[in-house]
Protein chains: 2
Amino acid sequence: MNTQKVTIADVAKRAGVSKGLVSFALNDRPGVSPETRTRILAVAGDLGWKPSLRARSLSTRRSFALGLVVARNPEVLGSDPFFPSFIAGVESILSDRGQALVLSVVPSEEAEIRSYRQLVDDGRVDGVFLTDLRHDDPRIPLLTELGLPAVTLGRPDGPSPFPAVSIDDTPGIAESVAYLARLGHRRIAHIAGSSTMLHGTRRRDAFEAALCTAGLPLGQTIETDFSVAAGSDATRRLLTREDAPTAIVYANDPMAIAGLGVAHELGIRVPDELSITGFDDIDFSRYVYPPLTTVSATPVVWGRAAATTLLALIETGAADDVNLPAARLIIRGSAAAPAHTRKSAT
Amino acid sequence: MNTQKVTIADVAKRAGVSKGLVSFALNDRPGVSPETRTRILAVAGDLGWKPSLRARSLSTRRSFALGLVVARNPEVLGSDPFFPSFIAGVESILSDRGQALVLSVVPSEEAEIRSYRQLVDDGRVDGVFLTDLRHDDPRIPLLTELGLPAVTLGRPDGPSPFPAVSIDDTPGIAESVAYLARLGHRRIAHIAGSSTMLHGTRRRDAFEAALCTAGLPLGQTIETDFSVAAGSDATRRLLTREDAPTAIVYANDPMAIAGLGVAHELGIRVPDELSITGFDDIDFSRYVYPPLTTVSATPVVWGRAAATTLLALIETGAADDVNLPAARLIIRGSAAAPAHTRKSAT
DNA sequence: CCGGGCGACTGAACCGGTTTAGCCAGCCTA
DNA sequence: TAGGCTGGCTAAACCGGTTCAGTCGCCCGG
């Protein structure tokens, strides 16, 4: 078989034109007469010519690939379905556009920085997605220095030259708290994510603001690293206190599910004696018992939007911020009126 | 700044040699005198020369990247922590070797095939990982035809030209059944994975063989697609039957956790009235209540081994099969003696 | 009838490496 | 001393596209 031997020169010779003209025709650039263009394209089709990505990469200094560097320990990564879904969304855009996704999973922040440097040194990608934004995120100046286009998932707290694709997660938390307050809860606690992460503190702030709006006293808040293990620990600490809360708002679903386990273990019935809400609406949430009242995130949509924006940025040099519909509360079975209210109501 | 301008020609000129010789020195090939070599390398270091991956790709026809195509619907993908962990393992090898991972997540089998074709057409990768092996897996002839090196995760059921990196999952299932039988269970059911997947039927076969070994009658088996939703449904069907089993062996943890939810919902106490075992030992398993008795898989190790093998195959043209230590049963709290046994024991 | 402008097209340089043919000096052997 | 071999090195082709300066023919206005 003449395996993958046909080059632009073959097409040019066969069509009786120069290599350059074939290139022009391919990238529909002006300066090629309509009939010549169709002839060239026809010949290319006949010959089954596929322009070499590698050659094109070399001369255009583009790699036609996007990068995603994920710095998380594998455990947290494993229990968080955000990335698989996000990536699925990204792919759904990339595959049609002839782009590839280069993924890098690194164990530490230093490795993360090395990874970005490597990615640009090698010219592996034309742009990257910045997820899990941190306070004063060091990646923003880094990427600015490296001159690598990027899109941030959410708006950074410092100055950023990059477009942001955001989904407001505060209404979801506010709704959760309001819902619990309406059910009659007065001691509501929050098991927060890491305070180094923007979405960790943002959800915590939203929680506190919502308590305030509801006219409730500031509840206990425990900071975690978003991991299932930390969620479990935090829940245990909360529930074994004198003034244990009657409701807990978790910063993500994995921790909420771990919390459910702890409650079961301690013989505390959910939702009768303890109400809990999660965040993310992961697949599991619907199938634990009781099914988790949570806030629905839409990582697939986020992935799509981020990919579209990043490609636009790369191609045109500029792209607008995008605001996705806010995450909303989904009411299932893990929250109810607190025990004393219930009694008095009966 | 002279950003990334230094090429092999600069190094050659500065060192007073030809481009070719610099190339020889870089790839330590014979034909360069020791002192010239060190001089060239010193100059290269001084100038901060980084050979262009793109140029190298073009002339060597290698891409220095490995591919992973995942065909799963995003939901199943999200609740299964196998891939994140596997990828973390792969990365831990790749990053040191200057290789990148190109990830492709596709929704269907046709898209999967297109994805592989695209990957080789574009010369994006030098080899791929074949996960989630299916019966008579069409990817094996496809990749053979495409001439793309690959490593299979597990041994395929048909002929395969590719090295296999395997972890035997049958002992884990066998141990689970033996353990349940020893506890006194006689009606043990299996919620199996998809029968199109090799590991789906393999675990099912192991289950049946183990029942036989234990001298127990063949139990009920329900086939699923490995998803949480399917696990939930299957469990409900099983538990609402006349002759409901006293123990269920699940083909993976997500389904087992969903099963736990269904049991709770139906007011069936685990492990007192129903014992369950899972497979994978995902992060959640330790934190649900009761903590899941399951079989520990080691996807990170698997990823490492697969990456090492694939790189060896690409570089030397051949690589041996690898057999990783078998997955073993981890006893936690979700299995106990069945109710009647317990009664008579008390 | 001439000069200018424009559209279509060519040839060659270029991206930055690798690879091969071949040259030359020096040494060994007959 | 000639002949052959070999280690060290160079020049140029090559990978397969893109890009740019410039040629050529044609149409148009003056």
Side-chain angles (χ1 to χ4, degrees), chain A residues 2-41 43-44 47-65 98 120-124 126 314-315, chain B residues 2-41 43-44 47-65 98 120-124 126 314-315:
Chain A
N2 49 351
T3 332
Q4 183 63 0
K5 300 296 285 181
V6 35
T7 77
I8 197 174
D10 301 325
V11 176
K13 193 184 307 169
R14 186 83 123 69
V17 296
S18 69
K19 276 171 48 174
L21 204 64
V22 176
S23 177
F24 283 170
L26 177 71
N27 305 331
D28 32 39
R29 280 254 255 284
V32 189
S33 77
E35 53 269 31
T36 309
R37 158 158 310 154
T38 49
R39 182 162 46 91
I40 291 177
L41 294 181
V43 170
L47 261 41
W49 175 55
K50 316 230 173 194
S52 150
L53 191 80
R54 296 207 260 247
R56 211 203 278 232
S57 270
L58 179 58
S59 50
T60 61
R61 298 144 178 283
R62 293 229 304 150
S63 48
F64 307 98
V120 329
D121 278 353
D122 290 351
R124 290 266 193 198
D126 300 325
I314 291 169
E315 263 152 45
Chain B
N2 49 353
T3 332
Q4 183 64 1
K5 300 294 289 181
V6 36
T7 78
I8 197 173
D10 300 326
V11 176
K13 194 184 307 171
R14 185 84 122 70
V17 296
S18 70
K19 277 171 48 175
L21 204 64
V22 176
S23 177
F24 284 169
L26 177 72
N27 305 331
D28 32 41
R29 281 255 253 285
V32 189
S33 77
E35 53 268 32
T36 309
R37 158 160 307 155
T38 50
R39 181 163 47 90
I40 291 176
L41 294 181
V43 170
L47 262 40
W49 174 56
K50 316 228 172 194
S52 150
L53 191 78
R54 296 207 259 246
R56 213 204 276 233
S57 269
L58 179 59
S59 51
T60 61
R61 296 141 179 284
R62 292 230 303 149
S63 49
F64 307 98
V120 330
D121 278 352
D122 291 350
R124 290 265 192 199
D126 300 324
I314 291 169
E315 263 151 45

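Fair warning: this is a prediction, and the values are worked out from it, not measured in the lab. Order of the sequence lines fixes the chain letters, A, B, ..., with proteins taken first and strands second; residue numbering starts at 1 for each chain.
At distances below 3.5 Å, at least one donor-acceptor pair connects side-chain atoms of B:D126 with backbone N or O atoms of B:F64. Without hydrogens or angle criteria, A:D10 side chain to A:T7 main chain gives a donor-acceptor distance under 3.5 Å. Of the possible donor and acceptor atoms, one in the side chain of B:R54 sits under 3.5 Å from a partner among the backbone N and O of A:G123.
With rounding to whole Å, B:K50 atom NZ is found 21 Å from C:dC15 atom P. Rounded to a whole Å, the CG atom of A:D28 is 16 Å from the C1' atom of D:dT19. Summarising the geometry, the separation between CG on A:L21 and P on D:dC24 is reported as 17 Å, rounded to the nearest angstrom. In this structure, B:K5 places its NZ atom 13 Å from P of C:dC14, rounding to the nearest Å. Residue B:K19 contributes atom NZ, which lies 10 Å from atom P of C:dT18 at whole-angstrom precision. One interatomic measurement links the two molecules: CG of B:L53 to P of C:dG17, which rounds to 10 Å at whole-angstrom precision. Look at CZ on A:F24: it is 11 Å from P on C:dT10, rounded to the nearest Å. Between B:R54 atom CZ and D:dG16 atom P the separation is 18 Å, expressed in whole Å.
Looking at heavy-atom distances under 4.0 Å, A:R29 makes contact with sugar-phosphate atoms alone, never a base. Within 4.0 Å of A:G123, counting heavy atoms only, lies no atom of the nucleic acid at all. Across all strands, A:S57 comes closer than 4.0 Å to no nucleic acid atom at all (heavy-atom distances). At a threshold of 4.0 angstrom between heavy atoms, the contacts of A:T60 are confined to the sugar-phosphate backbone, with no base atom among them. Using a 4.0 Å heavy-atom cutoff across all strands shown, A:R61 reaches sugar-phosphate atoms only and no base atom. Within 4.0 Å of B:R62, counting heavy atoms only, lies no atom of the nucleic acid at all. Here A:V22 lies out of heavy-atom contact (under 4.0 Å) with every strand.
For A:S23, the side-chain atoms get nearest to D:dT19 when compared with the rest of D:dA11, D:dT19, C:dT18.
Each end of the helix from C:dC1-D:dG30 to C:dA30-D:dT1 gets its own axis from five base pairs, and the two axes differ in direction by 50°, given to 10 degrees.
Within the structure, side chain to side chain donor-acceptor pair (under 3.5 Å) contacts touching residues 29-39 of chain A (residues at least two apart or in different chains) are A:S33-A:T36.
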